[in-house]
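Since the structure comes first, as structure tokens, the remarks are kept for the end.
Sequence positions, counted from 1, serve as the residue numbers for this chain. Start at 1 and go down the list; that is how both ligands and their atoms are numbered.
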Amino acid sequence: MSKKGQQRSSTLPYLRVGLIGNPVAHSYSPRLQQAALDELNIPARYELWQTPTEQLLERVRSLCHKDCLGANVTIPHKEAVLPFLDKIDPLAERIGAVNTIVHDDDYLYGYNTDAPGLLHALLEHGIGSMDTHGHISLRGYTAILLGAGGAARGAAFGLAGAQVERLIILNRHLERAQLLATDIQQTYEGPVFSLSDPSFLIPHTSSIIINATSVGLHEDVSPLPAEVLAHFDADTFVYDMIYNPIQTHLLLQARTMGLRAANGLSMLLHQGALAFTLWTCRSAPIEVMRAALM
Ligand code: NDP
């Protein structure tokens with residue numbers, strides 16, 4: 001148990017942590033997090049806290065209870081929780097979204113583990129390298145980010161922070177891609193391009209294509225035409241943030257062309273592991289968490 005957790009004298013027989021969102025019933029986080037808590041014998045329960053917008057403030061305040069370790073935050077509250085927190089981590093501040101809240105000593109701290117979760121996932125798939133300080137580098141890679149919504153925003157800041165060689169943002173609505181590109185350029189010195197037409201994509205060696213759109217989630221369609229994907233080099237890595245279905249049309253296209261590809265389960269796993277460590281100050285039992293997702 002963390003120092004934080006040990007110091008707490010719970011009135012309940014267990015501590016609490018949970019997911020704030022609307023809806024939350026579909027989430028994989030309870031099985032992921034409960035497996036980790038149980039593995040390390042931490043007497044805590046991971047709960048689902050379905051929260052309509054009008055109850056968000058009350059829900060966030062309830063995290064200050066001494067039995068509470070904190071929370072995950074999901075759609076649609078990742079941006080709206082920021083003003084309700086005492087301190088925001090600089091990365092979460094830049095992204096403008098919090099997916100993890102830590103309760104410590106009556107203060108609520110906001111973090112974003114989606115962005116580093118993506119980098120850890122890419123590393124696990126053999127993309128990038130980690131230095132002795134735990135910083136992940138994607139130097140030498142060209143990142144092609146599909147989408148400019150919430151998930152893409154986190155990914156873009158993560159990729160820029162990992163010093164990708166260049167970042168190309170492709171989105172259906174060009175102005176959203178341009179807005180995101182402008183935000184990224186405040187802190188990133190590499191070239192950022194925004195596009196809405198995939199046929200203008202110019203293949204580069206060592207490309208990482210990341211789908212952060214919801215295309216492929218409900219229908220068997222791909223966000224990239226096959227003829228565009230076919231132009232990319234054999235060393236291209238295709239990552240789809242979607243994990244349900246486990247094989248999207250994009251992943252099938254990529255694998256059929258012999259490209260390396262992976263779904264978003266690894267990102268889900270790593271964002272959860274990073275959140276677990278923030279709440280408990282313990283290393284997350286990654287393999288136990290991974291098995292819980294299978
Ligand atoms: P948003 O609603 O914020 O963004 C949706 C994005 O998809 C926008 O860029 C939007 O483009 C694009 N889009 C939607 N429909 C179409 C379409 N028919 N054609 C082209 N583009 C389209 O969603 P999120 O960013 O929150 O989530 C995106 C995906 O990422 C989801 O599938 C989600 O499940 C996944 N995700 C996975 C995570 C993980 O841990 N693996 C974590 C978070 C998200 P436009 O701007 O033009 O409307």
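- Using a 4.0 Å cut-off between a side-chain N of Lys or Arg and a carboxylate O of Asp or Glu, Arg290 and Glu124 qualify as a salt bridge.
- Under a 4.0 Å criterion applied to the non-hydrogen atoms of Tyr243, ligand 1 contributes the atoms 39 (C), 41 (N).
- A distance-only check finds a donor-acceptor pair linking the side chain of Asp86 to the backbone of Leu108 [under 3.5 Å].
- Nearest protein neighbour of atom 6 (C) of ligand 1, counting heavy atoms only, is Thr213 CA, 3.8 Å.
- Across Val215, Asn244, Ile242, heavy-atom proximity to atom 20 (C) of ligand 1 is greatest for Val215.
- For atom 33 (C) of ligand 1, the nearest protein heavy atom is 4.0 Å or more away.
- The aromatic rings of His270 and His120 sit parallel, their planes meeting at an angle under 30°, below the 60° perpendicular limit.
- With hydrogens and angles disregarded, no donor-acceptor distance shorter than 3.5 Å links the side chain of Arg16 to the backbone of Glu47.
- Taking each of Gly150, Ser214, Gly264, Ala97 in turn, the one with a heavy atom nearest to atom 5 (C) of ligand 1 proves to be Ser214.
- Atoms of ligand 1 lying under 4.0 Å from at least one heavy atom of Leu268, given by number and element, are 40 (O).
- Between Asn171 and ligand 1, an N or O atom pair is found at a separation short of 3.5 Å.
- No side-chain donor-acceptor contact under 3.5 Å links Asn171 to the backbone of Leu174.
- In summary, the side chains of His125 and Ser266 do present a donor paired with an acceptor at a separation below 3.5 Å, with no hydrogens or angles considered.
- Heavy-atom contacts of Gly147 reach the following atoms of ligand 1: 9 (O) (cutoff under 4.0 Å).
- Interatomic distance, Asn211 CG to Leu224 CG, rounded to the nearest 0.5 Å: 8.0 Å.
- Applying the 4.0 Å criterion to heavy atoms of Ile75 picks out, from ligand 1, the atoms 26 (O).
- Note on Leu85: it does not cluster hydrophobically with Val102, by side-chain heavy-atom contacts below 4.5 Å among ILVMFWY residues.
- Taking each of Ala148, Ser266, Ala151 in turn, the one with a heavy atom nearest to atom 43 (C) of ligand 1 proves to be Ala151.
- Nearest non-hydrogen protein atom to atom 42 (C) of ligand 1 is Met267 CE, 3.9 Å.
- Checking atom 2 (O) of ligand 1 against the protein gives no heavy-atom contact under 4.0 Å.
- Here's the thing with Leu217: none of its N/O atoms is less than 3.5 angstrom from an N/O atom of ligand 1.
- Of the candidates Ser29, Ala155, Gly149, Gly149 brings a heavy atom nearest to atom 4 (O) of ligand 1.
- The closest non-hydrogen atom to atom 13 (N) of ligand 1, taken over Arg172, Lys78, Arg176, comes from Arg172.
- Contact annotation for atom 23 (O) of ligand 1: protein absent (non-hydrogen atoms, distance under 4.0 Å).
- For Asp114, no nitrogen or oxygen atom sits less than 3.5 Å from a nitrogen or oxygen atom of ligand 1, counting backbone and side chain alike.
- His65 and Asp67 share a side-chain donor-acceptor pair at under 3.5 Å.
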Self-check item: Trace of the ring-ring contact (aromatic ring centres under 6.0 Å, His included) decision for Tyr28 with Tyr243
Solution: CA-CA 10 Å; Tyr28 287 29; Tyr243 50 82; 5.1 Å; yes
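- Between the side chain of Asn72 and the backbone N or O of Leu19, no donor-acceptor pair lies under 3.5 Å.
- Of the N or O atoms in His173, one or more lie within a sub-3.5 Å distance of an N or O in ligand 1.
- Scanning all protein heavy atoms for the shortest distance to atom 41 (N) of ligand 1 gives Met241 O, 2.9 Å.
- For Arg153 and Phe157, the positive end is not near the middle of the six-membered ring at less than 6.0 Å and at most 45° from its axis.
- Looking at Ala212 against ligand 1, only its backbone comes within 4.0 Å, counting heavy atoms.
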